Protein chains: 2
Amino acid sequence: MATLGDVAAKAHVSKMTVSRVINHPEKVTRELRELVYAAMSELNYQPNIAAKALANNRTQIVKLFILEKMDTVEPYYMSLLAGLADALDEKNYALQLVTKNSLEVGNCDGYVVTGMRNKDYGWLETVEKPIVLYGENQMGFDYVDTDNLLGLRTSTNYAFTCGYTTVVFVGINLPDSFAESREKGYTLAMAAHHAPPIIYRVDNRSHISDDLITKHFTKFPKNVCFVCASDRLAIGVERAIQRQGGKIPEDYGVIGFDGVFLDRIGSPQLTTIRQPVQKMGYETGRMVLRKIEENGSPQGHEVFVSTLVPRGTTRAPKSLPAK
Amino acid sequence: MATLGDVAAKAHVSKMTVSRVINHPEKVTRELRELVYAAMSELNYQPNIAAKALANNRTQIVKLFILEKMDTVEPYYMSLLAGLADALDEKNYALQLVTKNSLEVGNCDGYVVTGMRNKDYGWLETVEKPIVLYGENQMGFDYVDTDNLLGLRTSTNYAFTCGYTTVVFVGINLPDSFAESREKGYTLAMAAHHAPPIIYRVDNRSHISDDLITKHFTKFPKNVCFVCASDRLAIGVERAIQRQGGKIPEDYGVIGFDGVFLDRIGSPQLTTIRQPVQKMGYETGRMVLRKIEENGSPQGHEVFVSTLVPRGTTRAPKSLPAK
DNA sequence: ATGCCTTGTGTTACCGATAACATGGGTCTA
DNA sequence: TAGACCCATGTTATCGGTAACACAAGGCAT
């Protein structure tokens, strides 16, 4: 593998000039710069990351903390990881996965944290290096997330657009920001339609939402749409309705949230609000790298819009769905 | 952060002695060794990975190639990753995720490859550094996998144990080793029971298996068990049977394969053959690290036994299930 | 007692990059 | 036209480890 020195020799300049071409190209005359570029591509030069890391007093590693038990972890994490990995690769950073067992801090340049619950914040404060959260929060941490409120407002509105007269919310019973935002999106949309909110909050498990709907099914005569805070809940709801003999989408609608993997497991496949998870992962990576570069300066937050994916669990809209 | 030098100073020895204590402790007298250990823990010494990598002409990076489209990727990959990451962490290795977009080779010490299809092998031959596959293969690559044949033999036998008189195989129509092994496990078990095999092969998608069973349902009067090559297929089968009004588990049994995440999505939850995925990920990591250490020497393969998890989609066994 | 081997430890050089400083030639100003 | 200043480039030292070699002390055979 060619080194800086090899490139320098080939271009008849010093190593320092080559290094400058790479890191501060504006400080080198165009002539030499092009000589160096030529030499680099001729030798197929790839920088030695370890050497770079050592010289810069960096590790070129970003740790990803997944603060959830692995066996309940959502499938969409894979997409998140893929996006994250892409962003880090671009800057020659490596990803280090840290699961709940080994929450070791240190030996990295920054952190991405997912699956945060409110109880985790205290602990996070003690970490010194740049942190970016994947998931909205009220504690002032930089984050990337989807617009949870808008998402549920969209699905609730869409339920009305499809002509369902009763719209029920099946939410996640966690005291966390994302869960509250989704509920709020529902509540606001209901208010706008002058309809009384009907809210359930349960654990984010399909058989729990299944039980819930099974138990309360008689309360819901026809023309009801269940808007759910996750596809996982929606799957359970769909199943419960079908078992009770309810007709989807004619008499009952179901709308999920997430749109990664699980939405396609149901039959009919779920109408859902799809998060651009891979893209969000990518931007999370970019954000943490930017933060590292800028010595930890605040990055604020980046919020992505999720899109409605109409499928088999809702009937055709009566008019064009509102944007 | 404390360095080798700091530890050396504190223990009144040279840096070299400290390095030896870490890498070749047997070459240092017990007396000094303990002095050094004391100094290390007192200073909470953590080796600088970049420096180590540079000195050893290593990168301390293992790349994971996922040769599948991200949006169809199985949820159990998360468990795999978690195990893999654990193993790499132990030796201060970082994981670099590589998805189909950017199959860049280089800048790492070794590779783990998953989602191999037969067509990928040619390309793999050209890679020079240590490779370990996650998934059985006939091409002589080192690998870690579950015993696919035994797994399906177990589920098929269990179907008979539960008293189902017809056992049907729903397999994956790929020309790959794992798919063939699963089918063979079924075939062998059927032969042992002097029962004629009934085999379907379809894409590994739940709505495809759903359609399949829906279409052929009339061929299967009561007392049939469907043994599937994946939980994904099993979910579709379960749904199709229920939609047709078949009773699970009384008249129809369904047995899946994998036992990560999806098996709990169905209702009733799937009887399945569970792979110890996280453990397998861990051992894959260990294997590739060992291979790196030993300059690429062959490691053979490591095969894990999957375990039967009896749940709601099969009725109670008539006798104790055969091991 | 001499020489030789072994064993344990320290010294030196080096891995591949970068920051800080040194140098040398040209331009601008008084 | 001397001196100050700037710009582009080279030189040196350094990041934190490790291999290779140097060296001193002790054991053993002759």
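Chain letters run A, B, ... following the sequence lines, proteins first and then strands; every chain starts at 1. Note that the structure is predicted; figures quoted are calculated from it, not measured.
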Minimal non-hydrogen separation, [X] against [Y], with atom names:
{"X": "Y93(B)", "Y": "Q60(B)", "result": "CD2-C, 3.3 Å"}
{"X": "L80(B)", "Y": "T114(B)", "result": "CD2-CG2, 3.9 Å"}
{"X": "M116(A)", "Y": "D120(A)", "result": "CE-CB, 3.6 Å"}
{"X": "Y37(A)", "Y": "P25(A)", "result": "OH-CB, 4.1 Å"}

Got a sec, which residues hit side-chain contact (heavy atoms from CB on, under 4.5 Å) with [X], two or more places apart in sequence or on another chain?
{"X": "M16(B)", "value": "S14(B), S19(B), R20(B)"}
{"X": "E42(A)", "value": "K10(A)"}
{"X": "S41(B)", "value": "none"}

task = Compute whether any side-chain donor of one residue and acceptor of the other, for D109(B) and T59(B), lie under 3.5 angstrom apart.
result = yes
inquiry  = We want to know whether Q138(B) and Y121(B) form a side-chain donor-acceptor pair, criterion being a heavy-atom distance below 3.5 angstrom.
reply    = no
key: Given DNA chain C, 5'-ward residue of the pair M16(B) and I22(A), judged by closest heavy atom   = M16(B)
ask   = S14(B) or L4(A): which one's nearest nucleotide on DNA chain C is closer to the 5' end?
value = S14(B)
Side chain to side chain donor-acceptor pair (under 3.5 Å) partners of [X], counting only residues at least two apart:
{"X": "E34(A)", "result": "none"}
{"X": "E31(B)", "result": "none"}
{"X": "K52(A)", "result": "none"}

ask   = Heavy atoms, side chains only, cut-off 4.5 Å: are Q275(B) and V260(B) in contact?
value = no
remark   = Residues of residues 27-45 of chain B with a heavy atom under 4.0 Å from any atom of DNA chain C, listed by number, are V28(B), T29(B), L32(B)
remark   = Within residues 47-61 of chain A, the residues having a heavy atom closer than 4.0 Å to DNA chain C are P47(A), N48(A), A51(A), K52(A), L54(A), A55(A), N56(A)
task = With sequence neighbours left out, write down each residue that passes salt bridge (charged side-chain N to carboxylate O under 4.0 Å, His left out) with R290(B), or none if nothing qualifies.
result = none
request  = Using five base pairs at each end, measure the axis-to-axis angle across the helix from dA1(C)-dT30(D) to dA30(C)-dT1(D) and round it to 10 degrees.
outcome  = 50°
message = Ring-plane angle category for Y134(B) and Y76(B), please: parallel below 30°, perpendicular beyond 60°, tilted otherwise.
response = tilted
request  = Under 4.0 Å from any heavy atom of chain B: name the first and the last nucleotide of DNA chain C that qualifies, 5' to 3'.
outcome  = dG8(C) to dG16(C)
Boundaries of the chain B footprint along DNA chain D (any atom under 4.0 Å from a heavy atom) = dG16(D) to dA20(D)
